[in-house]
Amino acid sequence: MVDPETQAGWVPEADEDDDEEMPLSLRLSIADTLTLGNATCGFMAVYFTTTGILIPHLQGSQESGMARHSAATAVILMLCAAVFDLFDGLVARKLRSSPMGAELDNLSDLISFGLAPAYFVLVYGMVADDAHQRVAAVGAIVVLLAVVLRLARFSCVTVKDGTFQGMPSPFGALTVVSIVLLELPFVATLLAIIGTAWLMVSRVEYPKPRGRLAVAMLSWIVLSMGLLAAWAFDAPSGQLLLQTGCALQLVMGAVIPLFATARRVNNFRDNRREARAAQLP
């Protein structure tokens, strides 16, 4: 380059930061890589829902097997996203997480447990025989906004250790798709979906998946994958097994917070007893 004053050639000085290492805020940790796997699974769930269910329906295809395989694949990918979400938190606590970790987690959860299940509901409203497309679109929007609000609140509100305020978004997403796969009447399906969305933004307490609960959750996810595979490949009683698993998912969504409530009531009673004992002479 030429200096306009001296007309002499000059070379810009090297930036002092060029030789420095990448800032810590831009380095991906192992936990961050797992979080990106979560986002990838959510995106691929949308892909399979579109290519295997929506597009064949719009083209007038009568191939139900392909739609069943694609629906099972999409839900299995959401289950894989839940596994990534479970392990990225465990790895972050054991090793380390980058400064981007919390933001990456929220963005990935929005894709896998907000967009993917909401889109699943939307497509259901377009392909089901007794569904109403516009009403189903409203239900899908409710699910998406519930996850957005829940993730935003999670970033801003501090709750006591060991609990979530509201149904966790991975659990909520799996509950929503379970409701769709149960093939209930449209009105019952829509009401159950809206009820699940309300649980996600409610103040109902859910325990965090740690220790034995994390193992139980992982076991349930693996079992759910097996049920979906049996249904996809039209195994004997595959439909019945899938509906049983979906029904259990709904029951757990309603029953699990009861344990947290019972524990809170017991703690309150114990504190009152201790306070009374301390007041005695």
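The first residue in the sequence is number 1, and the count goes up from there. Please read these numbers as outputs of a predicted model, since none were measured by experiment.
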Atom CG of Leu107: over 12 foreign heavy atoms under 6.0 Å: yes
Phe186 CZ: over 12 foreign heavy atoms closer than 6.0 Å: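 Atom CZ in Phe186 is crowded, with more than 12 foreign heavy atoms closer than 6.0 Å.
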Exercise: identify the closest heavy-atom pair between [X] and [Y]:
{"X": "Ala74", "Y": "Thr49", "answer": "CB-OG1, 3.4 Å"}
{"X": "Asn38", "Y": "Ala81", "answer": "OD1-CB, 3.3 Å"}
{"X": "Met200", "Y": "Gly172", "answer": "SD-CA, 3.9 Å"}
{"X": "Met217", "Y": "Pro209", "answer": "SD-CB, 3.8 Å"}
{"X": "Ala82", "Y": "Ile221", "answer": "CB-CD1, 4.0 Å"}
{"X": "Val121", "Y": "Gly139", "answer": "CG1-C, 4.4 Å"}

Could you check whether any side-chain heavy atom of [X] comes within less than 4.5 Å of a side-chain heavy atom of [Y], counting everything from C-beta outward?
{"X": "Val83", "Y": "Phe87", "answer": "yes"}
{"X": "Cys80", "Y": "Met44", "answer": "no"}
{"X": "Val204", "Y": "Ser202", "answer": "yes"}
{"X": "Leu151", "Y": "Leu110", "answer": "yes"}
{"X": "Thr189", "Y": "Leu182", "answer": "no"}
{"X": "Ser219", "Y": "Leu223", "answer": "no"}
{"X": "Phe171", "Y": "Phe164", "answer": "no"}
{"X": "Leu144", "Y": "Tyr119", "answer": "no"}

Full working for side chain to side chain contact (heavy atoms under 4.5 Å, CB included) between Leu199 and Tyr206: CA-CA 10 Å; Leu199 281 174; Tyr206 282 78; 3.8 Å; yes
Derivation of the side chain to side chain contact (heavy atoms under 4.5 Å, CB included) call for Met252 and Trp220: CA-CA 11 Å; Met252 287 192 298; Trp220 172 248; 3.3 Å; yes
Inter-residue atom distance [X].[atom1] - [Y].[atom2], 0.5 Å rounding:
{"X": "Leu36", "Y": "Cys41", "atom1": "CG", "atom2": "SG", "answer": "11.0 Å"}
{"X": "Trp231", "Y": "Leu228", "atom1": "CH2", "atom2": "CG", "answer": "7.5 Å"}
{"X": "Phe120", "Y": "Leu115", "atom1": "CZ", "atom2": "CG", "answer": "13.5 Å"}
{"X": "Leu242", "Y": "Ser224", "atom1": "CG", "atom2": "OG", "answer": "9.0 Å"}
{"X": "Asp88", "Y": "Ser108", "atom1": "CG", "atom2": "OG", "answer": "8.0 Å"}
{"X": "Leu227", "Y": "Ser178", "atom1": "CG", "atom2": "OG", "answer": "10.0 Å"}

Those residues that, when tested against [X], pass ring-ring contact (aromatic ring centres under 6.0 Å, His included) (two or more places apart):
{"X": "His57", "result": "none"}
{"X": "Phe48", "result": "none"}
{"X": "Phe233", "result": "His69"}

Got a donor-acceptor contact below 3.5 angstrom from the [X] side chain to the [Y] backbone?
{"X": "Arg150", "Y": "Gln165", "value": "yes"}
{"X": "Arg153", "Y": "Val201", "value": "yes"}
{"X": "Thr35", "Y": "Leu104", "value": "no"}

ILVMFWY cluster, [X] and [Y] together (side-chain gap under 4.5 Å):
{"X": "Leu250", "Y": "Leu190", "value": "yes"}
{"X": "Ile111", "Y": "Val75", "value": "no"}
{"X": "Val180", "Y": "Met225", "value": "yes"}
{"X": "Tyr47", "Y": "Met78", "value": "no"}
{"X": "Val143", "Y": "Leu145", "value": "no"}

Option from Leu181, Ile179, Thr175 for which side chain to side chain contact (heavy atoms under 4.5 Å, CB included) with Gln249 holds: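 Going through the options one by one, the only one that passes is Thr175.
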Worked check of side chain to side chain contact (heavy atoms under 4.5 Å, CB included) between Thr50 and Ile55: CA-CA 6 Å; Thr50 302; Ile55 292 179; 4.0 Å; yes
